[in-house]
Amino acid sequence: MEMKKISLELGNRDPEEVTELVLDNCLIRLSMANVELSSLAQLPSLNKLRKWELSENIISGGLEVLAEKCPHLTYLNLSGNKIKDLSTVETDGSYFCFCFFLFNSTCHCAF
């Protein structure tokens, strides 16, 4: 389904020329590495998202929205960010695991 949606959105455009791509409610993997993202405060619901690359940004906190907005997230790369405390990530009673790769070597998992 996702590939069909991507093809429809791209149309006849060269993928290298695309600056905007609307894939509402169908993303499973998202990479936003090194885009100077500083906050997740305005994060929309990404219900199907499972893998998110957020490395090399300037995020320092606000991770508490992840449990609500990304309920199926199983992998999250935050290496190269300014996060000091992972204690704000809490579950809502459902089981999930966020894996944070910080400082390019350590993996911390929260259940």
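Throughout, numbering of the chain's residues begins at 1 and tracks the sequence. Nothing here was measured: the structure is a model prediction, and the numbers come from that model. When reading the values below, keep in mind they use all heavy atoms of this one structure, side chains included, and skip hydrogens, waters and symmetry mates.
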Any donor-acceptor pair under 3.5 Å linking the side chain of Ser38 with the backbone of Ile58? no
Donor-acceptor under 3.5 Å (Ser45 side chain, Asn47 main chain): no
Nearest non-hydrogen partners of [X] and [Y], listed with the distance:
| X | Y | answer |
| --- | --- | --- |
| Leu40 | Gly62 | CB-O, 4.2 Å |
| Asn57 | Val35 | OD1-N, 3.0 Å |
| Asn81 | Leu54 | ND2-O, 2.8 Å |
| Ser39 | Ile59 | N-CG1, 4.4 Å |

Step-by-step side chain to side chain contact (heavy atoms under 4.5 Å, CB included) determination, Leu49 to Ile28: CA-CA 4 Å; Leu49 193 64; Ile28 293 174; 5.9 Å; no
Using distance alone, with no hydrogens and no angle criterion, decide if Ser79 and Asn77 have a side-chain donor and acceptor under 3.5 Å apart. yes
Step by step, work out the side chain to side chain contact (heavy atoms under 4.5 Å, CB included) result for Glu68 and Val65. CA-CA 6 Å; Glu68 176 189 349; Val65 301; 5.9 Å; no
To the nearest 0.5 Å, how far apart are CG in Leu37 and OG in Ser55? 11.5 Å
If you measure from CG on Leu76 to CG on Leu78, what distance do you get to the nearest 0.5 Å? 4.0 Å
For Trp52 and Met32, what are the C-alpha separation, side-chain angles and deciding distance, and is it a side chain to side chain contact (heavy atoms under 4.5 Å, CB included)? CA-CA 8 Å; Trp52 200 0; Met32 295 176 67; 3.6 Å; yes
Measure the shortest side-chain to side-chain distance between Tyr75 and Arg29 over non-hydrogen atoms and say whether it is less than 4.5 angstrom. no
